[in-house]
Amino acid sequence: MALEEKIKKLVDMRAEARLGGGEKRIESQHKKGKYTARERINMLLDEGSFEEIDMFVTHRCHNFGIEKESYLGDGVVTGYGTIDGRMVYVFSQDFTVMGGSLSETNAKKICKVMDMAMKAGVPIIGLNDSGGARIQEGVTSLSGYAEIFQRNIEASGVVPQLSAILGPCAGGAVYSPALTDYIIMSESNSYMFVTGPKVTKTVTGETITENDLGGAMVHASKSGVAHFVAHDEEDAINTLKRLISYMPQNFKEQTPRVECTDPIDRMEDALNTILPDNPNKPYDVKDIIKLIVDNGEFEEVHKDYAKNIVVGFARFNGQSVGIVANQPSFLAGCLDIESSRKGARFIRFCDCFNIPLVTLVDVPGFMPGSNQEYGGIITNGAKLMYAYGEATVPKVTVTLRKSYGGAHDVMSSKQLKGDFNYAWPSAEIAVMGASGAIEVLYAKGMKEIENPEEKAKYAAEKEAEYKEAFANPYQAAKYGYIDDVIEPRNTRFRIIRALAALATKKDTRPNKKHNNIPL
Ligand code: HXC
């Protein structure tokens, strides 16, 4: 065969591979409101940057007549390209080929790009849309999944791993995204569950729809499995792009810096009056976040889950940071099981990838009650403490208002190796709030007073005394636990300066195999 003919054969084979499962199935994918694997990659990567590999891989299974049905690429498109000029590796499951089901060879393709991403120190992005294990292949498909899981585990903390769920994701297949750093689910077409509605009905008798069992909002608000809900596929892809912009390529690199167009010494007078006069009144801490970060841009993570803590990415002077803030407008910003887990996971991600932490504190304490105790608030609260204590990235803490009890210690306190701990003059750093404290301290004295009016007067006096002594930041500042008390309107500038002073921070942990976070 002449070279010209050989080239034509190559061109034809490429065209065939690009059609995946064929035009009919592409049409059917579009009819469901879904994009194809390649269309998704094109939306994600810079134009013309995608280099596909393993386009000619086919399965080698001979069961159930599948040997007669074979497609170039075998149900997953893999390769590399750039997002805003930064390299990423990507795999995109092709539902038009046997429902994107995972075969032995399909898994090998995914593992190959994961291995390459690890070697190159480059993030890996998975676009998931699959009917799960290829049923005809049996155990080789299961082992393929396990090969992927093992790589997810090994890549954890080495390179960022992001997953978008853009179709079905069921059975054991859910565990690959679950092992990655962030999951984005498209609201329109995706679901995730270990066991689907049919088997659920058979085993437990429960009747439930796919969406109610494992839809995007369910996982974003109830289980916390999904970190982001996207309205549609475009939104999911755009979320991936924004997210990756905050992350370094790998754990050895510093966070990316973008040019900062927002004055670093911008004073925000509104911050001096933003807190309600009554310390028990709620406010939205996101208003404060938006006033201090570059251009008011805040990429909130887990927006709909455990709303009493707010976590997400922002920039100060162009540098990515992770923000953790108690949210007084939800459950008074107290720490409970879910918010502790949410905070801990986010902090550990930031620490893996050298993203400094900025913590805004307004916390009345841990949520009391049997639900919390039976659910293990002790172990779960310890996760948040552990995450802060083990983090070696720069840690800047600003106490806005309340910082009581154990929750004070947990929220990036000086003793958990907080680098710069600032407080607003409105800060109240104490073992507990005034009314609770005087009930314990003056229980005997109160009992002795019978007249209710006198009792109330006595209580008010003692409360005022307690507040004078403890409802302020100066007791903590006296001991150096607070490095400075700052004017609220200067908060942005003070944080930026602190981060600059910490830019060369080096901290180490004791030598060990690995730690043992209370899971
Ligand atoms: C082989 C599969 C497949 C699979 C779908 N297909 N899933 N082929 N193995 N797992 C094929 C279909 O036969 C069909 O082929 C094409 O993909 C599209 O599927 P449809 O059913 O027509 O599409 P839709 O109506 O959108 O339904 C999608 C679906 C459904 C909900 C995913 O296909 C389905 O329920 N599939 C089986 C899911 C499943 O039980 N998977 C195994 C889970 S256990 P044609 O030729 O008609 O286009 C598992 C274990 C993992 O994954 C363990 C890891 C440790």
Side-chain angles (χ1 to χ4, degrees), residues 16 19-37 40 57-77 91-111 114 126-153 163-180 183 185-186 188-203 208-216 225 233:
E16 185 190 330
L19 279 180
E23 268 159 9
K24 259 200 171 155
R25 291 195 181 92
I26 292 175
E27 206 179 297
S28 145
Q29 178 86 341
H30 286 159
K31 269 200 190 131
K32 288 181 199 156
K34 292 163 75 178
Y35 287 103
T36 65
R40 288 166 178 160
V57 165
T58 52
H59 73 75
R60 43 196 171 196
C61 175
H62 291 271
N63 303 328
F64 299 102
I66 197 181
E67 62 276 9
K68 292 184 206 115
E69 196 182 356
S70 179
Y71 302 89
L72 294 177
D74 199 25
V76 65
V77 182
F91 68 87
S92 181
Q93 293 175 325
D94 184 353
F95 194 83
T96 68
V97 175
M98 299 183 214
S101 56
L102 192 114
S103 66
E104 175 211 0
T105 40
N106 170 309
K108 278 198 158 49
K109 283 182 68 173
I110 295 175
C111 289
M114 292 180 82
L127 306 176
N128 296 265
D129 183 5
S130 163
R134 189 167 299 166
I135 296 164
Q136 298 91 327
E137 294 219 1
V139 74
T140 57
S141 168
L142 295 188
S143 74
Y145 270 117
E147 295 276 358
I148 296 169
F149 301 154
Q150 180 62 30
R151 279 163 181 79
N152 287 133
I153 295 162
S163 305
I165 314 297
L166 306 171
C169 184
V174 296
Y175 286 110
S176 174
L179 289 165
T180 64
I183 294 181
M185 289 184 77
S186 155
S188 42
N189 274 317
S190 74
Y191 56 81
M192 292 179 84
F193 33 67
V194 174
T195 315
K198 279 187 199 148
V199 179
T200 299
K201 171 89 183 150
T202 314
V203 176
I208 190 158
T209 64
E210 276 172 356
N211 201 42
D212 287 346
L213 191 60
V225 166
E233 292 196 21

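Remember, it's 1-based here, ligands and their atoms both numbered in the order they're listed.
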Exercise for review: Report yes if the side chains of Thr96 and Lys24 come closer than 4.5 Å at any heavy-atom pair, otherwise no.
Suggested key: no
Check your understanding: Are the side chains of Lys34 and Leu166 in touch, meaning some heavy atoms are under 4.5 Å apart?
Key -> no
Point to revise | Heavy atom of protein inside 4.0 Å of atom 53 (C) of ligand 1, strictly below | key: yes
Point to revise | Proximal atoms of ligand 1 relative to Arg25 (non-hydrogen, under 4.0 Å) | key: 45 (P), 46 (O), 48 (O)
Practice item. For the residue pair Phe95 and Arg25, establish whether any side-chain heavy-atom pair is separated by less than 4.5 Å. Key: no
Point to revise | Heavy-atom protein contact below 4.0 Å for atom 35 (O) of ligand 1 | key: no
Practice item. Check the surroundings of atom CZ in Phe149: do more than 12 heavy atoms from other residues, nucleotides or ligands lie under 6.0 Å from it? Key: yes
Check your understanding: Does Tyr35 OH have over 12 foreign heavy atoms under 6.0 Å away?
Key -> no
Exercise for review: Determine whether the side chain, the backbone, both or neither of Ala133 has a heavy atom under 4.0 Å from any heavy atom of ligand 1.
Suggested key: both
Study note, to complete from the structure: Nearest non-hydrogen protein atom to atom 27 (O) of ligand 1, with distance, is Phe95 CZ, 4.4 Å
Review point. What atoms of ligand 1 come closer than 4.0 angstrom to any heavy atom of Gly132?
Key: 52 (O)
Review point. Looking only at heavy atoms, is any part of Leu102 under 4.0 Å from ligand 1, and if so is it the side chain, the backbone, or both, or is it neither?
Key: neither
Exercise for review: Decide whether the shortest distance between a heavy atom of Gln136 and an atom of ligand 1 is less than 4.0 Å.
Suggested key: yes
Review point. Can a protein heavy atom be found under 4.0 Å away from atom 20 (P) of ligand 1?
Key: no
Check your understanding: For atom 9 (N) of ligand 1, which protein heavy atom lies nearest, and how many Å away is it?
Key -> Ile135 N, 3.1 Å
Check your understanding: Considering all protein heavy atoms, does one lie under 4.0 Å from atom 49 (C) of ligand 1?
Key -> yes
**Study point:** Any protein heavy atom < 4.0 Å from atom 15 (O) of ligand 1
**Key:** no
Revision key, fill the gap. min-distance protein heavy atom vs atom 41 (N) of ligand 1 -> Gly131 O, 2.7 Å
Exercise for review: Taking only Lys NZ, Arg NE, NH1 and NH2, and the carboxylate oxygens of Asp or Glu, determine whether Lys109 and Asp74 approach each other closer than 4.0 Å.
Suggested key: no
Check your understanding: Between Gly172 and ligand 1, does any nitrogen or oxygen pair lie at a separation below 3.5 Å?
Key -> no
Check your understanding: With a 4.5 Å limit on heavy-atom distance, are the side chains of Val57 and Lys108 in contact?
Key -> no
Exercise for review: Take atom NZ of Lys32 as the centre, draw a 6.0 Å sphere, and report whether it contains more than 12 heavy atoms from other residues, nucleotides or ligands.
Suggested key: yes
Review point. Can you find a protein heavy atom closer to atom 23 (O) of ligand 1 than 4.0 Å?
Key: yes
**Study point:** Nitrogen or oxygen atoms of Phe149 and ligand 1 under 3.5 Å apart
**Key:** no
Practice item. Give the residue, atom name and distance (to 0.1 Å) of the protein heavy atom nearest atom 8 (N) of ligand 1. Key: Met98 O, 3.7 Å
Exercise for review: Check whether any protein heavy atom sits under 4.0 Å from atom 45 (P) of ligand 1.
Suggested key: yes
Exercise for review: Taking the side chain as every heavy atom from C-beta outward, state whether Arg134 and His59 have any pair of such atoms under 4.5 Å apart.
Suggested key: yes
Review point. Leu142 heavy atoms, cut-off 4.0 Å: which ligand 1 atoms fall inside?
Key: 53 (C)
Check your understanding: Which residue and non-hydrogen atom of the protein lie closest to atom 29 (C) of ligand 1, and at what distance in Å?
Key -> Tyr191 OH, 4.4 Å
Revision key, fill the gap. Closest to atom 25 (O) of ligand 1 among protein heavy atoms sits Lys32 NZ, 4.8 Å
Review point. Which residue supplies the protein heavy atom nearest to atom 17 (O) of ligand 1, what is that atom called, and how far is it?
Key: Gly99 N, 2.8 Å
